[in-house]
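Counting starts at 1 for both ligands and their atoms, following the listed order. In what follows, residues are counted from 1 in the order of the sequence shown.
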Amino acid sequence: LCENLMTSPRLWLIVPAAGIGQRMRAECPKQYLRINNRFILDITLSRLLDTGRFTGCMVPLNASDHWWPESDASNDNRIQTCSGGVERADSVLSALHALKEQVAPDDWVLVHDAARPCVHSADLANLVSTLMDHPVGGLLAAPVADTLKRADFGGLPEVAETVDRSQLWRALTPQMFRYSMLFSALETALQEKQPVTDESSAMEFSGNMPVLVEGRPDNIKITVPADLDLAGFILSRF
Ligand code: CTP
Ligand code: MG
């Protein structure tokens with residue numbers, strides 16, 4: 001048991017926060033908007049770190065970020081920062097680089113969007129316990145609820161067809177993969193100019209099949225202005 005404890009892979013957290021929140025059209029990047037007078041970034045980080053599951057945490061920040069020093073997180077010695085990149089995948093890769101000296105190849109890395117403050121600790125626990133012994137890893141996801149239409153290109157978009165949603169899921173975060181596999185998958189996918197909007201897509205491009213772990217559909221990514229009130233409401237119900 002003792003040996004098992006010592007060799008079991010550890011969990012690391014990466015929270016990419018280097019985006020500018022273009023679609024939010026706010027006066028600052030959306031992770032620095034406030035809900036109940038706290039930065040979204042602070043809410044997200046404390047919800048995850050207070051579970052006590054992580055050995056360390058890396059937060060990639062935008063080079064022109066001048067809000068970080070005002071965050072609670074900047075005074076939290078559990079959190080390290082590094083510089084982000086042009087795309088989300090570049091920011092995650094930069095964080096993986098920054099963790100290099102601290103991690104073992106098989107350690108788990110959980111990547112979670114700064115803009116998802118509504119993540120629930122029960123979903124995190126379920127993700128980790130489901131995947132802990134899995135060779136590849138996976139992600140929180142939710143089955144698509146709405147009927148889906150594919151649009152034709154045009155002035156007024158018209159329905160080209162209705163898409164079968166029975167096998168379709170929304171990819172959420174955290175996404176949980178082993179350090180060395182994720183590192184090489186991201187490097188390869190970026191070199192090959194693949195569209196990499198999440199960690200899973202990089203892993204898929206490398207030929208892996210990440211596991212979809214069903215999570216709460218209210219783990220929303222704050223993206224457009226209306227999402228801010230919605231997130232405030234969701235958080236008030238926890
Ligand atoms: N992110 C990042 N580095 C980038 C782009 C995004 O670390 N170059 C982070 C964002 O800060 C966010 C998460 O990745 O926490 C998800 O990205 P998204 O929701 O697209 O945020 P933004 O890119 O900031 O928003 P937008 O696409 O509307 O500009
Ligand atoms: Mg973006």
Worksheet item: Among the heavy atoms of Lys30, does any lie under 4.0 Å from an atom of ligand 1?
Response: yes
Worksheet item: Using a heavy-atom cut-off of under 4.0 Å, does the side chain or the backbone of Glu87 touch ligand 1, or both, or neither?
Response: backbone
Worksheet item: Charged N to carboxylate O below 4.0 Å: is that the case for Arg116 and Asp218?
Response: no
Worksheet item: Is a salt bridge present between Asp113 and Arg88, judged by a nitrogen-to-oxygen distance below 4.0 Å?
Response: yes
Discussion item. For atom 5 (C) of ligand 1, tell me which residue out of Gln31, Arg88, Lys221, Arg25 has the closest non-hydrogen atom.
Written reply: Arg88
Response to the item:
Any heavy atom of Val86 under 4.0 Å from ligand 1? The part involved is backbone
Worksheet item: Touching ligand 1 at all, Gly85? Heavy atoms, strictly under 4.0 Å?
Response: yes
Worksheet item: Is the backbone N or O of Val111 less than 3.5 Å from a side-chain atom of Gln175, with the two atoms forming a donor-acceptor pair by type?
Response: no
Discussion item. Is Ala17 close enough to touch ligand 1? Criterion: a residue heavy atom under 4.0 Å from a ligand atom.
Written reply: yes
Worksheet item: So, Arg10 and Asp107, do they make that salt bridge, N to O below 4.0 Å?
Response: yes
Discussion item. Nearest 0.5 Å, please: how far is CZ in Arg23 from NZ in Lys221?
Written reply: 5.0 Å
Fill in: Geometric N/O contact Pro60 with ligand 1, under 3.5 angstrom
no
Worksheet item: Are any side-chain N or O atoms of Thr173 and backbone N or O atoms of His112, one a donor and one an acceptor, separated by less than 3.5 Å?
Response: no
Worksheet item: Gly84 near ligand 1, heavy-atom distance under 4.0 Å?
Response: no
